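These notes are about the structure you will find just below.
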Amino acid sequence: MKHFLLLLIGGLALYGIWQLTTPLLRKNATQAISRHGLRIVAFILILVILLITAYYTPALHLL
């Protein structure tokens, strides 16, 4: 629940910042996100896969 609240507050803050920026800056940001969108999605998917792998594999006993 704590993480949900942090994500909710962060999302609302990002939305507020987005609305306060100039339209030209928003247009440039949208173009950059759409240009690099596939790489961003691939990076997020890799992180989620690594998180799932870390959850299901036991810790290594080094000592």
Side-chain angles (χ1 to χ4, degrees):
M1 187 67 175
K2 177 176 58 171
H3 293 98
F4 172 74
L5 290 175
L6 289 173
L7 287 173
L8 179 66
I9 292 169
L12 290 174
L14 286 174
Y15 177 74
I17 291 169
W18 182 259
Q19 292 300 319
L20 292 174
T21 58
T22 62
L24 180 62
L25 185 62
R26 275 188 249 163
K27 182 181 177 187
N28 290 340
T30 304
Q31 287 175 349
I33 290 171
S34 64
R35 194 174 334 133
H36 301 291
L38 185 61
R39 293 181 193 129
I40 293 170
V41 169
F43 182 70
I44 290 171
L45 284 175
I46 288 171
L47 288 178
V48 168
I49 289 169
L50 288 172
L51 178 67
I52 292 170
T53 305
Y55 180 77
Y56 283 111
T57 50
L60 294 173
H61 299 287
L62 297 176
L63 296 176

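Since the model is a prediction, treat every value here as computed from it, not as a measurement. No hydrogens, no waters, no symmetry mates; every other heavy atom, side chains included, goes into these values.
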Specify the closest pair of heavy atoms between Arg26 and Gln19, including all atoms of both residues, with the distance to one decimal.
NH2-O, 3.6 Å
Would you mind listing every side chain to side chain donor-acceptor pair (under 3.5 Å) that reaches into residues 7-18, with sequence neighbours excluded?
none
Return a table of donor-acceptor pairs under 3.5 angstrom between the side chains of residues 32-44 and protein atoms on other chains or two or more places apart.
residue: Ser34; atom: OG; partner: Thr30; partner atom: O; Å: 3.2
residue: Ser34; atom: OG; partner: Gln31; partner atom: O; Å: 2.9
residue: His36; atom: ND1; partner: Arg39; partner atom: NH1; Å: 3.0

How long is the gap from CG on Leu25 to CG on Leu20, to the nearest 0.5 Å?
11.5 Å
Using a side-chain heavy atom cutoff under 4.5 Å and only I, L, V, M, F, W and Y, what cluster partners does Leu51 have?
none
Which other residues end up in the same hydrophobic cluster as Leu24, if Ile, Leu, Val, Met, Phe, Trp and Tyr are linked when side-chain heavy atoms come under 4.5 Å apart?
none
With sequence neighbours left out, what residues match Thr57 under side chain to side chain contact (heavy atoms under 4.5 Å, CB included)?
Thr53
Quick one: name the residues clustered hydrophobically with Ile46, using the 4.5 Å side-chain heavy-atom rule over I, L, V, M, F, W, Y, and just say none if it's on its own.
Leu50
Who passes side chain to side chain contact (heavy atoms under 4.5 Å, CB included) against Ile52, sequence neighbours left out?
Val48, Tyr56
